[in-house]
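These notes concern the structure reproduced below.
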Amino acid sequence: MRWKRTIQLLDVHAEGEIGRVAIGGVPKIPGETIAAQLHWLNTDPKGDELRRFLCLEPRGAPIGSVNLLLPARHPEADAAFIILQPDQAHASSGSNSICVTTALLESGIVEMQEPETIVTLETAAGLVKATATCRDGRCEKVKLTMVPSFVHELDVEIDTPHWGRIKADLCYGGIFYALVDVGQIGLTIEKANAAGLVQAGMILKELINRDIKVVHPEIPAISGVAYVMFRDSEADGTVRTCTTMWPGRADRSPCGTGNSANLAALHARGKAKVGDVFTSKSIIGSEFEVGLQALTEVAGRPAVIPTITGRGFTFGLTQVALDPFDPHPGGFALTDVWGPSAGEI
């Protein structure tokens, strides 16, 4: 073969959300820390080229993420990773942490111990402890101890041309979220409303980031509202979520970092305490178990330590390659599939 570049991907999904894991051929990413490597991927043309190669057409697709496995920098970490998505590289993700843990154990990169294996993952947001329940060579479920999550501001008012004035909670759960009660946009969280939800999410994200600046007080590489997550509650206390992601799609999982951010909001309102555990359902009905493990602080702000439990499933092995004569080495995105927000990318 005359390929110019090849990267091997283990295909995994967590409760329906695809999180492919790059297990071979990952180039060296500059930076002394994972946060610095995240910054390089988002600011250097070569980092942009790598993300486009893996995430855009004709080799990539709008749905899902690609996780770059990297050498761990922290002495306690077993592996490090950064999440690549069509819009940019991201610092943290619950579903992708489950995918990476499942990939590490089922591929043998990290030795599986039954009935339980603990894997420490290093992300740009900090260390994530993954406790995997294992049996017969399979990773049955993963419980994540997430990074500290906190409220940036509750009940932020946003003037919109479509729904009038709505309120959102701006919270951090590994990345920044705008959390919006879905009734404010006149929809419910169900499959039939997916297109309307993601269109609303893209509009709100643009409005919020235009007017409001959020930066992590200790990790400057993490800034801006990454996603709008719509939320609702059911009679039995189950939280229903739909995280909306560029270029206009719904997270198929209940969303680990989004539920971590929401847990910070619930605690700030006195609706969650240490020891509480509840179920979160996604737009397709898949579930995460969400727990409040402990309280802490981030730069003097009250924060919570969430736990997220879900399942990962491997479904394939892919080798992505670049032909040196390919006229589309930088990839592309068309509005017929990627939506109007794709523009000329």
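Residues take their numbers from the sequence shown, with the count starting at 1.
- Shown here for Asp169 and Ala265, the closest heavy-atom pair between the two residues is OD2-CB, 3.9 Å.
- Closest non-hydrogen pair, Gly312 versus Thr102, comes out as CA-OG1, 3.7 Å.
- Salt bridge status for Asp155 with Arg269: present, with a side-chain N to carboxylate O gap under 4.0 Å.
- A donor-acceptor contact shorter than 3.5 Å is absent between the side chain of Asp11 and the backbone of Arg20.
- A pairwise comparison of heavy atoms in Asp232 and Ile189 identifies N-CD1, 4.1 Å as the closest pair.
- Ring orientation note: the planes of Phe176 and His152 are nearly perpendicular, at an angle over 60° on the 30°/60° scale.
- Side chain of Glu106 to main chain of Gly137: no donor-acceptor pair is present (N/O by atom type, distance under 3.5 Å, no hydrogens or angles).
- Val182 has its side chain within reach of Leu197: a pair of non-hydrogen atoms, C-beta onward, lies under 4.5 Å apart.
- Within 6.0 Å of the CD atom in Glu157, the count of heavy atoms belonging to other residues, nucleotides or ligands exceeds 12.
- Counting only distance, with no hydrogens or angles, the side chain of Arg252 and the backbone of Ile18 share no donor-acceptor pair below 3.5 Å.
- Considering all non-hydrogen atoms of both residues, Leu263 and Ala272 come closest at CD1-CB, 4.1 Å.
- Enclosure of atom CZ in Arg73 by more than 12 non-hydrogen atoms of other residues, nucleotides or ligands within 6.0 angstrom is indicated.
- Taken from SG in Cys242 to CZ in Arg249, the straight-line distance is 10.5 Å, to the nearest 0.5 Å.
- Judged purely by atom type and a 3.5 angstrom limit, Ser286 has no side-chain atom pairing as donor or acceptor with the backbone of Ser253.
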| request: For side-chain contact (heavy atoms from CB on, under 4.5 Å), just list the numbers for Phe81 and Leu70, CA-CA rounded to whole Å, side-chain angles, deciding distance to a tenth of an Å, and then say yes or no. | output: CA-CA 5 Å; Phe81 75 102; Leu70 302 171; 5.9 Å; no
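- Closest approach of Ile98 to Arg311, counting heavy atoms only: CG2-C, 3.7 Å.
- Side-chain N or O atoms of Lys191 include none that pairs as donor or acceptor with a backbone N or O of Ile283 at under 3.5 Å.
- Within the 3.5 Å criterion, the main-chain N or O of Asn262 finds no donor-acceptor partner in the side chain of Arg231.
- Remark: side-chain polar atoms of Asn259 are paired, donor with acceptor, to backbone N or O of Pro254 under 3.5 angstrom.
- Side-chain atoms of Arg51 come within 3.5 Å of backbone atoms of Pro86 as a donor-acceptor pair (strictly under, hydrogens ignored).
- Each of Ile7, Leu54, Thr318, Leu322 was compared with Arg59 under the side-chain contact (heavy atoms from CB on, under 4.5 Å) criterion, and only Leu322 meets it.
- Atom CD of Glu234 is surrounded by more than 12 heavy atoms from other residues, nucleotides or ligands within 6.0 Å.
- In this structure, Cys255 and Thr243 approach most closely via the heavy-atom pair SG-OG1, 3.2 Å.
- Taking the six-membered ring where tryptophan is involved, the planes of Trp338 and Trp246 are tilted, since the angle between them lies from 30° to 60°.
- In this structure, a donor-acceptor pair under 3.5 Å is present between the side chains of Asn193 and Thr188.
- Sparse packing is recorded around NZ of Lys143, with 12 or fewer heavy atoms of other residues, nucleotides or ligands lying under 6.0 Å away.
- Under the 4.5 Å side-chain criterion, counting only non-hydrogen atoms from C-beta, Trp40 is in contact with Lys46.
- A donor-acceptor pair under 3.5 Å is formed between the side chain of Ser107 and the backbone N or O of Ala103.
- For CZ of Arg301, the number of neighbouring non-hydrogen atoms (other residues, nucleotides, ligands) closer than 6.0 Å is greater than 12.
- The backbone N or O of Ser95 lies less than 3.5 Å from no partner atom in the side chain of Glu17, so there is not a single donor-acceptor pair.
- The CD1 atom of Ile222 sits 7.0 Å away from the CG atom of Leu38 when rounded to the nearest 0.5 Å.
- Within 6.0 Å of CD on Glu206 lie no more than 12 heavy atoms contributed by other residues, nucleotides or ligands.
- Here the CD1-CD1 distance, from Ile158 to Ile208, works out to 3.5 Å after rounding to the nearest 0.5 Å.
- Taking CD1 of Ile83 as the start and CD1 of Ile175 as the end, the distance is 7.0 Å to the nearest 0.5 Å.
- Below 30°, between 30° and 60°, or above 60°: for Tyr227 and Tyr177 the angle between ring planes is between 30° and 60°, a tilted geometry.
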